[in-house]
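Contents: one structure, followed by commentary.
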Protein chains: 2
Amino acid sequence: MTRRDYGQYCGLARALELVGERWTLLIMRELLARPSRYTDLLDDLPGIPTNVLSTRLKELEEAGIVERRIAPAPQRGILYAPTEAGQNLQGAVIALALWGNAHLGEQEPNEFVPPSSVVMALRATFNPGAAHGLTATWEIHTGDAVMYAAVADGQLATGVGPAPGEPDLVITVPSDEVLTYRAMMQAISNGAAELTGQQSLLEKFARVFTPRAATKAG
Amino acid sequence: MTRRDYGQYCGLARALELVGERWTLLIMRELLARPSRYTDLLDDLPGIPTNVLSTRLKELEEAGIVERRIAPAPQRGILYAPTEAGQNLQGAVIALALWGNAHLGEQEPNEFVPPSSVVMALRATFNPGAAHGLTATWEIHTGDAVMYAAVADGQLATGVGPAPGEPDLVITVPSDEVLTYRAMMQAISNGAAELTGQQSLLEKFARVFTPRAATKAG
DNA sequence: CTGCATCCACTTTGATACTG
DNA sequence: CAGTATCAAAGTGGATGCAG
């Protein structure tokens with residue numbers, strides 16, 4: 001058994017060997033929310049040392065969980081994005097996040113809400129039934145973050161950043177800081193959001209993204 | 001931000017702060033499969049340093065994820081067991097294990113199969129529909145491991161160790177080492193298992209525990 | 001500016017020995 | 001049985017340097 005391995009032929013042990021080190025799953029959360037450059041990740045994960053980030057990215061790439069892409073014309077540079085194996089991690093990321101939500105407590109003054117965590121919450125609460133037959137694109141502004149969600153053919157596409165196409169409805173939730181998914185949804189249902197576009201799509205939004213109960217033990 | 005915290009108000013970050021350190025989730029896998037004594041854990045997690053185990057148990061207890069119990073009469077000593085918060089971790093543990101299963105590759109000579117991982121696989125593949133109206137207790141022997149599964153009222157109770165009551169069917173899968181869930185189920189369906197008890201319950205067993213597809217990304 | 005590599009102080013982990 | 005003590009090795013955090 002080397003330092004990094006557990007010597008167990010077990011899915012959990014292997015998962016932890018691959019993505020169990022400090023910062024790794026937070027990096028994956030960022031990349032699942034949007035392909036990012038090295039400096040994007042440094043900005044979105046304040047406190048991560050540069051050498052740790054570069055080591056993690058290297059290891060994830062070697063393991064086939066993340067791939068490097070050449071960023072398209074306007075930006076240039078390298079984009080890191082999850083491979084299919086990396087995308088399959090989302091279920092585990094969401095399961096951990098749901099469990100951790102119950103242990104969040106009050107927000108400390110030095111704690112910020114990562115926009116990627118709001119995107120994960122949108123994916124976790126997506127209700128395919130309510131999205132059936134609906135085609136719509138929402139863009140959400142809260143704090144200085146921009147996120148989008150698009151529904152078509154009962155499928156959800158969501159991420160950090162402006163909507164890929166023209167949004168049908170822009171929802172602006174006024175706030176100094178990025179709000180949690182929960183606070184954001186509450187503000188929206190309280191009518192605190194400013195709307196630009198097809199206002200009728202606001203009700204659909206609340207219906208498409210509905211929290212359900214977390215998984216209990218078996 | 002202290003060393004251990006991420007400074008993020010996010011379920012994933014909080015989960016990793018609580019159970020993201022090395023060995024922690026493997027300890028939780030063991031405890032989810034059966035309440036264990038300190039020395040049980042040392043045996044079941046070969047390679048874990050004693051000080052790391054005691055530190056982790058202390059932290060998990062402080063966080064309300066694990067609790068100490070006085071072991072009942074025959075054994076004595078201290079039993080560590082998951083609290084309800086700890087039991088709720090099972091969904092995340094299983095999600096990680098399912099993802100890791102895809103990256104297992106071939107079993108290395110120095111790698112062993114933890115019985116607790118087989119129990120997790122039983123829970124992950126439990127099919128409530130097929131268990132409806134069935135009451136049965138199976139005891140499974142493979143390598144030197146013993147596990148049980150009991151179904152009643154459509155509910156599953158399973159863990160490492162002998163069955164709590166008298167098993168209806170004892171399934172012995174001959175093998176030097178503990179087999180993976182997959183290999184075990186294959187051996188059973190190949191008729192390689194020795195049976196003691198109500199042989200008709202073997203077919204039920206295979207029906208109650210059926211793998212389904214893993215969760216894909218959204 | 002992006003995308004790292006290097007250096008150093010500090011913390012955590014691993015291995016072993018030892019104790020109530 | 002259930003840990004604690006000790007120490008070396010490895011990992012992490014923070015600062016800085018630097019090439020393309």
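These numbers were taken from a predicted model, which means no experiment stands behind them. Chain A is the first sequence line, chain B the second, and so forth, proteins listed ahead of strands; every chain is numbered from 1.
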Let me check something: any side-chain donor-acceptor pairs from residues 139-147 of chain A under 3.5 Å, sequence neighbours excluded? List them with distances.
residue  : atom : partner  : partner atom : Å
A:Glu139 : OE1  : A:Ala163 : N            : 2.8
A:Glu139 : OE2  : A:His141 : NE2          : 2.9
A:Thr142 : OG1  : A:Leu179 : N            : 3.2

Nearest whole Å is fine: how far is [N] [atom2] from [X] [atom1]?
{"X": "A:Ile48", "N": "D:dA15", "atom1": "CD1", "atom2": "P", "result": "15 Å"}
{"X": "B:Asp5", "N": "D:dT12", "atom1": "CG", "atom2": "P", "result": "16 Å"}
{"X": "A:Glu21", "N": "C:dT13", "atom1": "CD", "atom2": "C1'", "result": "12 Å"}
{"X": "A:Ile27", "N": "C:dC4", "atom1": "CD1", "atom2": "P", "result": "12 Å"}
{"X": "B:Leu45", "N": "C:dT13", "atom1": "CG", "atom2": "P", "result": "15 Å"}
{"X": "B:Glu59", "N": "C:dT13", "atom1": "CD", "atom2": "C1'", "result": "12 Å"}
{"X": "B:Arg22", "N": "D:dT12", "atom1": "CZ", "atom2": "C1'", "result": "15 Å"}
{"X": "B:Leu53", "N": "C:dA15", "atom1": "CG", "atom2": "C1'", "result": "15 Å"}

Suppose we screen for side-chain hydrogen bond (donor to acceptor under 3.5 Å, both in side chains). Which residues come up paired with [X], at least two apart in sequence or across chains?
{"X": "B:Arg182", "result": "none"}
{"X": "A:Ser36", "result": "none"}
{"X": "B:Ser175", "result": "none"}

Q | Pair listing, side chain to side chain donor-acceptor pair (under 3.5 Å) test, anchored in residues 9-18 of chain A, at least two apart | A |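 Listed once each, the pairs are A:Arg14-A:Glu17, A:Arg14-B:Glu111.
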Q: Return no unless some side-chain N or O of A:Trp23 is found under 4.0 Å from OP1 or OP2 of D:dG13.
A: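 A:Trp23 to D:dG13 OP1/OP2: side-chain N or O found under 4.0 Å.
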Q. Do the side-chain N or O atoms of B:Arg4 get closer than 4.0 angstrom to the phosphate oxygens (OP1, OP2) of C:dT12?
A.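 Checking C:dT12 against B:Arg4, no side-chain N or O comes under 4.0 Å of OP1 or OP2.
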**Q.** Min side-chain heavy-atom separation A:Gln8-B:Ser117 under 4.5 Å
**A.**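 No, side chains not in contact.
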Q: Side-chain contact test, heavy atoms from C-beta onward, threshold under 4.5 Å: evaluate it for A:Leu32 versus A:Arg123 and give yes or no.
A: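 A side-chain contact under 4.5 Å exists here.
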Taking only distance into account, with no hydrogens and no angle test, what donor-acceptor pairs under 3.5 Å do side-chain atoms of residues 54-61 of chain B form with protein atoms, sequence neighbours excluded?
residue : atom : partner : partner atom : Å
B:Ser54 : OG   : B:Asn51 : O            : 3.2
B:Thr55 : OG1  : B:Asn51 : O            : 2.6
B:Arg56 : NE   : B:Arg22 : O            : 2.9
B:Arg56 : NE   : B:Thr24 : OG1          : 3.2
B:Arg56 : NH2  : B:Arg22 : O            : 3.2
B:Glu59 : OE2  : B:Arg4  : NH1          : 3.3
B:Glu61 : OE1  : B:Arg68 : NE           : 3.4

Side chains of residues 95-105 of chain B: which donor-acceptor partners sit under 3.5 Å, not counting sequence neighbours?
residue  : atom : partner : partner atom : Å
B:Trp99  : NE1  : A:Ala85 : O            : 2.9
B:Asn101 : ND2  : B:Ala97 : O            : 3.3

Q. Between the axis at one end of the helix from C:dC1-D:dG20 to C:dG20-D:dC1 and the axis at the other (five pairs apiece), what's the angle to 10 degrees?
A.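 Here the local axes at opposite ends form an angle of 30°.
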Q: Sugar-phosphate means primed atoms, P, OP1 and OP2; the rest is base. With that split, encode nucleotides 2-7 of chain D 5' to 3' as B, S or - using protein heavy atoms under 4.0 Å.
A: SBBBB-
